[in-house]
Structures are given as structure tokens and as C-alpha cells.
There are 2 protein chains.
Amino acid sequence: MLFRIDPSSVEPLFQQLVDQVRVAALRGDLPPGTRLPAARALAASLEINLHTVLHAYQVLRDEGVVELRRGRGAVVVDRGTADLAPVHDAVAGLVAAARALGLAPGATLGLVKDALATEEAR
Amino acid sequence: MLFRIDPSSVEPLFQQLVDQVRVAALRGDLPPGTRLPAARALAASLEINLHTVLHAYQVLRDEGVVELRRGRGAVVVDRGTADLAPVHDAVAGLVAAARALGLAPGATLGLVKDALATEEAR
DNA sequence: TAGTTGTTCTGTGCCAACTAGAACAAGCAG
DNA sequence: CTGCTTGTTCTAGTTGGCACAGAACAACTA
């Protein structure tokens, strides 16, 4: 349960949290049913504001990653029997290909973003 | 040479331009030597500010995508003989895998972002 | 009942993004 | 050389997102 926040990053703090929790959940590091730290506790340990953590939690709820209930906290949702192995393999392959050509991270992300957007528009 | 800008997008205007030009250049739609529209002309046609276009051009210059010179404009740089086919294939594979599992675009991007960051940190 | 935890509200400060206008310097074409 | 084009640099103002802060409230747990 160790999340790391970089206050000097250009990436918004809440976005960093969202990305880390989502990746951990998708990778299985946070199995369905896992209870995330209470917003106030996490805010204190990360030395950021309560509202920033809550914002991240609400984004994750909107994405269906976690479930929020008062008194119980944020719990990782059980998502079907979907096997994410193909996606993880594809990601690994892409990173390897980009690295082999010395492609900048920004450029690689741009290509994926574009492909996803084009896909979306159909 | 038709770039499209969505003023209502959460993505910054200059970033949209950067992504589109970069993708076009990487895909070969903008062959090395191609001259981009003058900043003032492009700003007028996209109905955005001159400085916003210039900012995008400068980011592209920093990434080595284009070359800027006064009086001549922005020209697409000739970058070696690198064949980007493997990367494009990898991107296509990833998008297909993500789509097959109904993975949200944000989640897919998050996985790639994380993988690139992890790669970067070594 | 008492404590925990998410929800909602108000307000403040900061900074990136965008816009606007202007002057300047390097290159191109006549 | 002259005039035009084009990127570079500067100042300045507006807007909106992000983060922070404090408080009260509602639902759930033990």
C-alpha cells in the first residue's frame, strides 16, 4: 500500500494517485475487496490535502475501479473474470519497440493517445 | 495539412497541436522537408493565438521533430532511417487488446504511462 | 451510543494556459 | 538594397484548474 506522490511533478497530485491505484488494481497488486486507506489517513501520510485524496477517490469511483461508502472507505471493485494478460503483454511490447528506436516517451504516449482517440471516434 | 483543434477539450490547445503534428510526422504523412504553415497563418486558420502556435512549434523543436528558422518557418526534420513500423504495430495491438477487454482509454493510457515511467527510472 | 469515513459547502491562493499588442532580428525574393 | 515574411522576445491581462483550509453533515461500523 505504498503510494508515492511527487509534488514537483507537472502531473496533478490527484492524477498521480489515480494512476497508481488504477495500475495497482489492474495488475492485481490490489485484489478485489482490498480496502484502501481512509482519505484522511492517506492525506496525512502523503502530506497532501484531504480534498485532493477525495478527488482521486471519486475519479476512481467514476471509472469503476473502487466503491465508496461512508464509514467503510474505498474498496477495490471485483471486475468480472477479465484476464488482463494480453494488455500487459501488449504494453510491454510497445515499450520495448519504442525503446529500441529511441522514441521519446512523449512521442510514444502521443501515438497511443491518438490511436485511442481515433478508435473512440468510431 | 489539416489540423483540428477542440477548444472544449481538457487537453491544452498547444498540446493538441503538438500531438497531431508529431503523429503526422512519425506516420510519414509529413515527410522530412515538409514546411508547416507559418505560425501566424496557422493561428488564424485555427482561430487561436499566435503565441499558442509558437509554443507548440517550440515544443516540437525541443523534441527534434521540426526545425525553426526565421523567414523560413517550421520544417519537418529528417530523422535517420529508423523504421517505425514495429511501434505502429505494437500500438495497434495494444489498442485492440484494450478494446477487447472494454478497458477505459484512461486506464490504457495509465498503464502505458506507468510502464514508460518505470522504464525511464532505470 | 460513539467513532469512523465519505459528502458537501465556502473561501482562498497559486500557477499554467490562453489571449493580446508590440517591437525586434534573421532570412527570402524582388 | 528594399520590402516582405517569419520566428523571437517582452509585457500584461484574464480565465480556469489545482491544491489547500476549515467546517458541518450523513451514513456506516463497532
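Each chain gets a letter, A, B and so on, in the order the sequences are listed, and its residues count up from 1.
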inquiry  = Just the rounded figure in Å: distance from P of C:dG27 to CD of B:Glu67.
reply    = 12 Å
query = Would you say the base of C:dG6 and the side-chain of A:His51 have a donor-acceptor pair closer than 3.5 Å?
reply = no
key: Atom-to-atom span, CG of B:Asp62 to P of D:dG7 - whole angstrom   = 15 Å
ask   = Could you give the angle between the helix axes at the two ends of the helix from C:dT1-D:dA30 to C:dG30-D:dC1, with five pairs per end, rounded to 10 degrees?
value = 40°
Short side-chain N/O contact from A:Arg35 to OP1 or OP2 of C:dT5, under 4.0 Å = yes
query = When you measure from the side chain of B:Arg40, which nucleotide among C:dT7, D:dG7, C:dA17 comes out closest?
reply = D:dG7
task = Determine: side-chain N/O of A:Arg61 to OP1/OP2 of C:dT7, distance under 4.0 Å, yes or no.
result = yes
ask   = Is a donor-acceptor contact shorter than 3.5 angstrom present between the side chain of A:Arg72 and the base of C:dG6?
value = no
message = Is it the case that atom CZ in A:Arg69 sees more than 12 heavy atoms from other parts of the structure closer than 6.0 Å?
response = no
key: From C:dA17, C:dG6, D:dT6, nucleotide with atom closest to A:Ala38 side chain   = C:dG6
Out of D:dA19, D:dG7, C:dG6, whichever nucleotide has its closest atom nearest the side chain of B:Leu54 = D:dG7
inquiry  = Strictly below 4.0 Å: does B:Thr52 bring a side-chain N or O up to OP1 or OP2 of C:dT19?
reply    = yes
inquiry  = Taking 4.0 Å as the cut-off, does a side-chain nitrogen or oxygen of B:Gln58 come that near to OP1 or OP2 on D:dT8?
reply    = yes
